Structure formats: structure tokens, C-alpha cells
Amino acid sequence: MINAPRGTNDILLPQVTLWQELERRLRELCRAYGYSELRTPIFESTELFARGVGEGTDIVDKEMYNFTDRGGRKITLRPEGTAPVVRAFLEHKLHSTLPSRLYYLGPMFRYERPQAGRMRQFHQFGCELFGAEGPFADVEIIDLAWTTYRSLGIEDVQIKINSLGCETCRGAFREELKKRLEPKLGELCNNCQTRHARNPLRILDCKSPQCQNALGQLPQILDYLCPDCREHFSGVQKGLSALEIPVLVDPNLVRGFDYYNRTVFEVVAEGLGAQDAIGGGGRYNKLVEELGGPSVPAVGFAAGLERTLLVLEQYGIKLTRDDAPFLYLAPLGEEALAVAFKIGTQLRHRGVPTYLPLEERSLKAQMKVANRQAARWTLILGDEELEKRQAVLRKMDDGTQTEIPLEGIVELIEDLFQKEGSSGRCKA
RNA sequence: GUGGGCGUAGCUCAGUUGGUUAGAGCGCCAGGUUGUGGCCCUGGAGGCCGUGGGUUCAAAUCCCAUCGCUCACCCCA
């Protein structure tokens with residue numbers, strides 16, 4: 001037997017309706033915010049991520065699904081959504097009309113050991129806002145992130161924000177930090193020893209108790225922000241508080257991508273095992289340029305959908321989606337099966353969700369299936385009815401049934417469906 | 001990459017100090033109702049006990065290896 005590869009899974013019936021409903025709501029939300037969908041390929045040139053996400057990040061160094069195609073091209077299954085969106089944004093010259101609001105929704109791939117809330121193929125929903133430098137853009141994105149969870153009924157999320165400054169103030173801070181860490185190097189964990197050389201900022205959010213102890217009082221980037229960055233960050237905070245979006249300033253929040261500058265944020269929630277982030281994002285003013293485009297400021301965020309569903313489950317929030325048949329057809333006998341098959345097919349042509357049996361079965365067995373399928377109505381069609389050119393229409397809720405003529409039956413049931421519409425019933 | 005836990009029916013899991021035809025609940029199928037679901041009752045189908053090797057008169061049970069799942073470290077969504 002061949003199983004799905006490690007860290008991947010099949011999404012089937014009970015779960016798949018949750019996914020459909022989740023996706024439907026996210027798209028609806030994007031419409032409200034004026035974001036339009038951008039679908040990019042699932043694989044890209046390896047170079048895109050090497051340059052976009054940055055060499056030296058965990059993602060690029062050890063988590064990418066890389067392969068060489070038959071033409072010798074170096075290809076990578078996308079580990080995140082922002083770099084591909086920027087690539088497409090440039091390829092289609094979307095910077096000619098700014099601001100540009102884009103969203104994506106789909107699978108991402110990272111080669112890691114799976115655990116609770118972490119898969120090798122997982123799904124992200126993300127939004128990117130191009131062409132606005134002022135704090136309102138950051139506020140819009142953070143509000144959108146916040147509203148994403150709120151609109152799903154998750155009240156209990158916390159947003160942590162920080163500012164990483166720009167290349168000038170961050171550079172100065174990095175040097176200062178390195179200098180201050182120098183004497184304590186020996187006390188830090190192995191990881192942080194290498195970070196010291198490559199990316200000292202990441203030492204700030206190291207969770208190892210060894211480092212937490214050794215670090216003690218370190219300078220904070222917020223104290224090193226240049227006047228512009230300081231003003232921008234305070235603008236973001238003012239905007240958020242005007243919208244009454246509660247955020248926690250976390251000076252140690254760094255995040256794992258190289259492309260962020262100024263605002264970074266993370267949405268955290270309980271119930272994800274050892275993980276706590278269900279979404280995150282920030283500003284990336286240099287990325288478009290680094291990928292060969294003009295200077296276009298941008299902000300974005302991404303939400304992990306598996307984790308979002310985990311949190312929904314934790315809170316007992318059920319996203320329901322009607323997937324039950326409106327009509328269950330229960331023919332008795334060969335002749336009735338043929339007649340039912342035709343009626344059922346005509347109803348399907350008219351968009352009425354119809355369960356159609358393909359073989360003869362006892363009425364009892366058919367009723368059981370109708371019940372299990374949560375059908376709203378069952379149409380019973382046997383010899384007796386055929387004789388009289390009639391059928392029995394049974395309402396499954398209360399078991400009441402009426403005889404209706406075969407003549408015009410398709411129209412009659414279609415009318416019934418138009419009136420009652422979908423009922424929010426769920427098979428699973 | 002490292003460590004812990006677990007692999008028995010479609011699903012959730014029992015299975016005693018190794019001992020005869022490996023069990024339950026749910027689900028599925030059929031019957032109780034010669035044409036009526038949900039509740040109830042009866043019966044049935046369905047298992048290389050993850051795989052390979054070893055110990056033993058005898059292995060689901062003990063040992064080794066291997067694969068898979070899972071949780072955690074690292075990092076992240």
C-alpha cells in the first residue's frame with residue numbers, strides 16, 4: 001500500500017466542508033477589503049526564494065523542497081507566498097496602478113518534521129498591499145489579520161507587534177547588539193552562537209532558557225529607531241488604537257524572514273500544541289526592489305489555515321456548509337429505477353441537489369441512506385405509483401407524505417427547492 | 001537532524017505471568033416489518049495483530065532491526 005507522503009494529508013468528508021466554508025468566508029472578507037485574488041504557481045525558480053526570503057534563514061537553508069527539472073532548471077515548491085506574489089506583481093507590471101491589493105490562498109511546502117499544527121504541505125491565506133508607505137497601510141493589514149480571525153468567531157487571539165526599523169537604524173542596532181553580546185557569547189546556546197555572526201537580531205527571541213538567563217538587559221531596537229521609523233511605528237499604534245484593536249508591543253519579536261523592515265507582527269492563539277502563531281506579517285519596503293523591480297513599499301500578512309482550523313476546533317466553533325441532498329430518490333423495481341433516474345437527472349440539470357441510487361435496493365435500505373445523507377425530502381416511486389402515474393413525496397423531518405402526479409414533477413420539486421432553498425444540513 | 005510514545009477489523013480501542021478457532025463498541029450489510037429512516041432486537045461480512053528476523057514445544061504478547069504514525073526539540077503558519 002502506498003500512503004500519502006509524510007507530512008501531507010488527504011482532506012475528506014467531514015473536514016472538507018470546513019475547508020470549503022473557511023475558504024468561502026476568507027474570499028468574502030477579501031471582497032469587503034477590496035483585495036483580489038492572485039494565483040501563482042506552486043513551484044518557482046529556487047532563486048526567487050533564495051533572494052526573496054534570504055540565504056541564512058531556516059526556510060532557505062534547510063526546509064525547501066528543491067529539485068531540478070528535466071530541462072536542468074532549479075525549482076522549489078513554494079515555502080511561502082510573499083515572494084511569488086512579488087514576482088508576479090513585477091512580471092505583470094502591477095506597479096503601474098498603485099495601491100495594489102492582492103490575496104492568495106493555497107498550499108505551501110516546507111521540509112520539516114511534522115508535529116501538531118505543522119505539516120510539510122500546509123495552507124496559507126495571505127494578503128499583500130503594495131504602494132503605500134504610510135502607517136495606514138500597516139494598520140489596514142493588521143486590521144485585516146485581526147478581522148480574519150474575528151469574523152470566524154475566534155475572539156481570543158493576541159496580536160504582538162514590533163518595529164525592526166529600516167536599514168540605517170537596524171544596522172546601528174545590530175552593531176550595538178553584537179558588541180553587547182560579545183562578552184556573553186560563551187553563555188549562549190549553540191544556535192545563538194552562530195546567530196551572533198549571521199543574524200544577531202534573532203537572538204532576541206530565542207526561547208532557550210539558557211539564553212534568556214544569560215541575556216538579561218539587552219538594548220531594544222525600539223530605542224534605536226531613527227526619527228522616521230519612530231514616527232511610523234507610533235502612527236501604526238495610533239491607528240490601531242483608534243480602531244480599538246488590542247495589540248501588545250513585543251520588543252523581542254523578530255520573525256524569520258529577511259525581507260521585513262519597520263512593522264512586524266504575529267497573531268498568537270492557544271491550542272496549537274507547541275506552536276502558538278496562527279498568522280504573521282509585516283512591512284517589506286525593499287523586497288520589490290531586491291527582486292528587480294522599482295522601489296515599491298509593501299505590507300502583508302499570512303494566516304496558517306490548518307492552525308486556524310485547529311483553533312476553531314478548540315473553541316468548538318463549527319463552520320457548517322450545506323452538503324446534503326435536497327431530494328433523495330427511492331425507486332422500487334427495475335422500471336421505477338429507470339423513471340427515477342430520468343427525473344433525478346433532470347432535477348440535477350436544474351441545479352437541485354439530488355441523490356440518485358444506481359441499483360435496486362429495498363425501500364428500508366434506501367430510507368436509511370436518505371436519513372444518513374440528511375436529505376430533506378424523499379421521493380418514493382414504486383409499481384403502485386407508476387400505475388397511478390404518481391409518486392410519494394415524504395418530508396424527512398416529520399415523516400409526513402403526500403402523493404403528487406408524475407406529470408410536471410420535475411417542475412414541482414424545482415419550485416419546492418426554490419422556495420425552501422438549502423437548509424444548512426450536513427451529511428457529516 | 002535528535003529524542004519520547006504508539007502500530008490489533010473501515011473507525012476508536014481491549015487482549016492477563018507467552019497457551020488452543022484474536023475480541024468489544026461504533027460503522028457497514030441482511031433480517032425482525034412480503035413498500036417506509038432515526039430507537040430497539042437478532043444475525044452476518046470484515047484481521048499476513050505494520051514489516052523482516054530471532055528466542056520458544058508455542059509469540060499479538062519477549063528480543064533485535066526496519067518502516068510508518070504521533071508528540072516534542074530547532075524553526076515557523
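Proteins get letters first, then strands, A, B, ... in listed order; numbering begins at 1 in each. What you are looking at is a predicted structure, and each value in this text was computed from that prediction instead of being measured.
- A straight line from CD of A:Q124 to P of B:C76 spans 13 Å, rounded to a whole angstrom.
- Of the N and O atoms on the side chains of A:T40 and A:R78, at least one donor lies less than 3.5 Å from an acceptor on the other residue.
- Following rounding to the nearest Å, A:N371 (CG) and B:U36 (C1') show an atom-to-atom distance of 11 Å.
- As rounded to the nearest Å, B:U20 and B:U12 have P atoms that lie 27 Å from one another.
- The CG-P distance, from A:D61 to B:C76, rounds to 12 Å in whole Å.
- The same atom, P, is picked in B:G5 and in B:A77; the two are 31 Å apart, to the nearest Å.
- With respect to A:E21 and A:R24, a salt bridge is recorded, a charged nitrogen being found less than 4.0 Å from a carboxylate O.
- B:G3 and B:C48 are spaced 32 Å apart, taking the P atom of each and rounding to whole Å.
- Within the 4.5 Å cutoff, side-chain heavy atoms of A:Y149 are placed close to those of A:V267.
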Return the polar atom pairs (N/O with N/O) between nucleotides 5-13 of chain B and the protein under 3.5 Å, or none.
none

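- Taking the centre of each ring, A:Y224 and A:F173 come in below the 6.0 Å mark.
- Applying the salt bridge (charged side-chain N to carboxylate O under 4.0 Å, His left out) test to pairs two or more places apart or on separate chains, those with a residue in residues 399-416 of chain A are A:R350-A:E411, A:R350-A:E414, A:K388-A:E403.
- Listed by first and then second residue, the salt bridge (charged side-chain N to carboxylate O under 4.0 Å, His left out) pairs that reach into residues 389-400 of chain A are A:D397-A:R425, sequence neighbours excluded.
- One C1' atom belongs to B:U66, the other to B:A22, and the distance between them is 25 Å to the nearest Å.
- Only the P atoms considered, B:C71 is 31 Å distant from B:A24, to the nearest whole Å.
- For the C1' atom pair drawn from B:G18 and B:C39, the interatomic distance equals 44 Å after rounding to whole Å.
- Counting only residues at least two apart or on different chains, the salt bridge (charged side-chain N to carboxylate O under 4.0 Å, His left out) pairs with a member in residues 151-163 of chain A are A:R150-A:E155, A:K160-A:D250.
- With both ends at atom P, the span from B:C40 to B:U21 equals 35 Å, rounded to whole Å.
- Near-neighbour residues of RNA chain B inside residues 297-314 of chain A, defined by a heavy atom below 4.0 Å, number-ordered: A:G304, A:R307.
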Give me the distances for all protein-to-nucleotides 28-35 of chain B N/O pairs that come in under 3.5 Å?
unit_1: B:C28; atom_1: OP1; unit_2: A:R372; atom_2: NH1; d: 2.8
unit_1: B:C29; atom_1: OP1; unit_2: A:R361; atom_2: NH2; d: 3.3
unit_1: B:A30; atom_1: OP2; unit_2: A:R361; atom_2: NH2; d: 3.3
unit_1: B:G32; atom_1: N7; unit_2: A:K364; atom_2: NZ; d: 3.2
unit_1: B:G32; atom_1: O6; unit_2: A:K364; atom_2: NZ; d: 3.4
unit_1: B:G35; atom_1: N7; unit_2: A:E384; atom_2: OE2; d: 3.2
unit_1: B:G35; atom_1: O6; unit_2: A:E384; atom_2: N; d: 3.2
unit_1: B:G35; atom_1: O6; unit_2: A:E384; atom_2: OE1; d: 3.2
unit_1: B:G35; atom_1: O6; unit_2: A:E384; atom_2: OE2; d: 3.2
unit_1: B:G35; atom_1: O6; unit_2: A:E385; atom_2: OE1; d: 3.3
unit_1: B:G35; atom_1: N1; unit_2: A:E385; atom_2: OE1; d: 2.8
unit_1: B:G35; atom_1: N1; unit_2: A:E385; atom_2: OE2; d: 2.8
unit_1: B:G35; atom_1: N2; unit_2: A:E385; atom_2: OE2; d: 3.1

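- In this structure, A:D398 places its CG atom 13 Å from C1' of B:G37, rounding to the nearest Å.
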Restricting both atoms to N or O, compile the protein contacts to nucleotides 67-71 of chain B shorter than 3.5 Å, with distance only.
unit_1: B:C69; atom_1: OP2; unit_2: A:R6; atom_2: NE; d: 3.1
unit_1: B:U70; atom_1: O4; unit_2: A:R6; atom_2: NH2; d: 3.3
unit_1: B:C71; atom_1: OP2; unit_2: A:A116; atom_2: N; d: 3.2

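- Taking the side chain as every heavy atom from C-beta outward, A:I75 and A:Y65 never approach each other to under 4.5 Å.
- Nucleic acid contact for A:Q366: none, since no nucleic acid atom lies under 4.0 Å from a heavy atom of the residue.
- In this structure, A:N66 contributes its side chain and A:T76 its backbone to no donor-acceptor pair below 3.5 Å.
- With a 6.0 Å radius and a threshold of 12 heavy atoms from other residues, nucleotides or ligands, A:F43 has its CZ atom at or below the threshold.
- For the pair A:E112 CD and B:A77 P, the computed distance is 10 Å after rounding to whole Å.
- Applying the salt bridge (charged side-chain N to carboxylate O under 4.0 Å, His left out) test to pairs two or more places apart or on separate chains, none has a residue in residues 304-318 of chain A.
- In this structure A:D61 satisfies the side-chain contact (heavy atoms from CB on, under 4.5 Å) test together with A:R198, sequence neighbours excluded.
- Qualifying ring pair (Phe, Tyr, Trp, His ring centres under 6.0 Å) partners for A:Y259, counting only residues two or more places apart in sequence or in other chains: A:F257, A:Y284.
- Rounded to an integer number of Å, the gap from NZ of A:K160 to P of B:C76 is 12 Å.
- Checking side-chain atoms of A:E112 against main-chain N and O of A:E63 turns up no donor-acceptor pair under 3.5 Å.
- With hydrogens and angles disregarded, no donor-acceptor distance shorter than 3.5 Å links the side chain of A:D276 to the backbone of A:V268.
- A:Y111 places its OH atom 17 Å from the C1' atom of B:C76, with the value rounded to the nearest Å.
- With rounding to whole Å, A:D397 atom CG is found 16 Å from B:G37 atom P.
- When the C1' atom is compared between B:G15 and B:U33, the two are found 39 Å apart, to the nearest whole Å.
- Annotation: cation-pi geometry not satisfied between A:R262 and A:F233 (NZ/CZ under 6.0 angstrom from ring centroid, within 45° of ring axis).
- Note on A:M396: a base of the nucleic acid sits closer than 4.0 angstrom, heavy atoms only.
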When the side chains of residues 377-385 of chain A are checked against the rest of the protein, which donor-acceptor pairs come out under 3.5 Å, sequence neighbours left out?
unit_1: A:W377; atom_1: NE1; unit_2: A:E420; atom_2: OE1; d: 3.1
unit_1: A:E385; atom_1: OE1; unit_2: A:G382; atom_2: N; d: 2.9

> Using Watson-Crick and G-U wobble pairs whose two distances are both under 3.5 Å, how do you write the pairing of RNA chain B as dot-bracket, with | for links to another strand?
Replying inline: (((((((..((((.....[...)))).(((((.......))))).....(((((..]....))))))))))))....
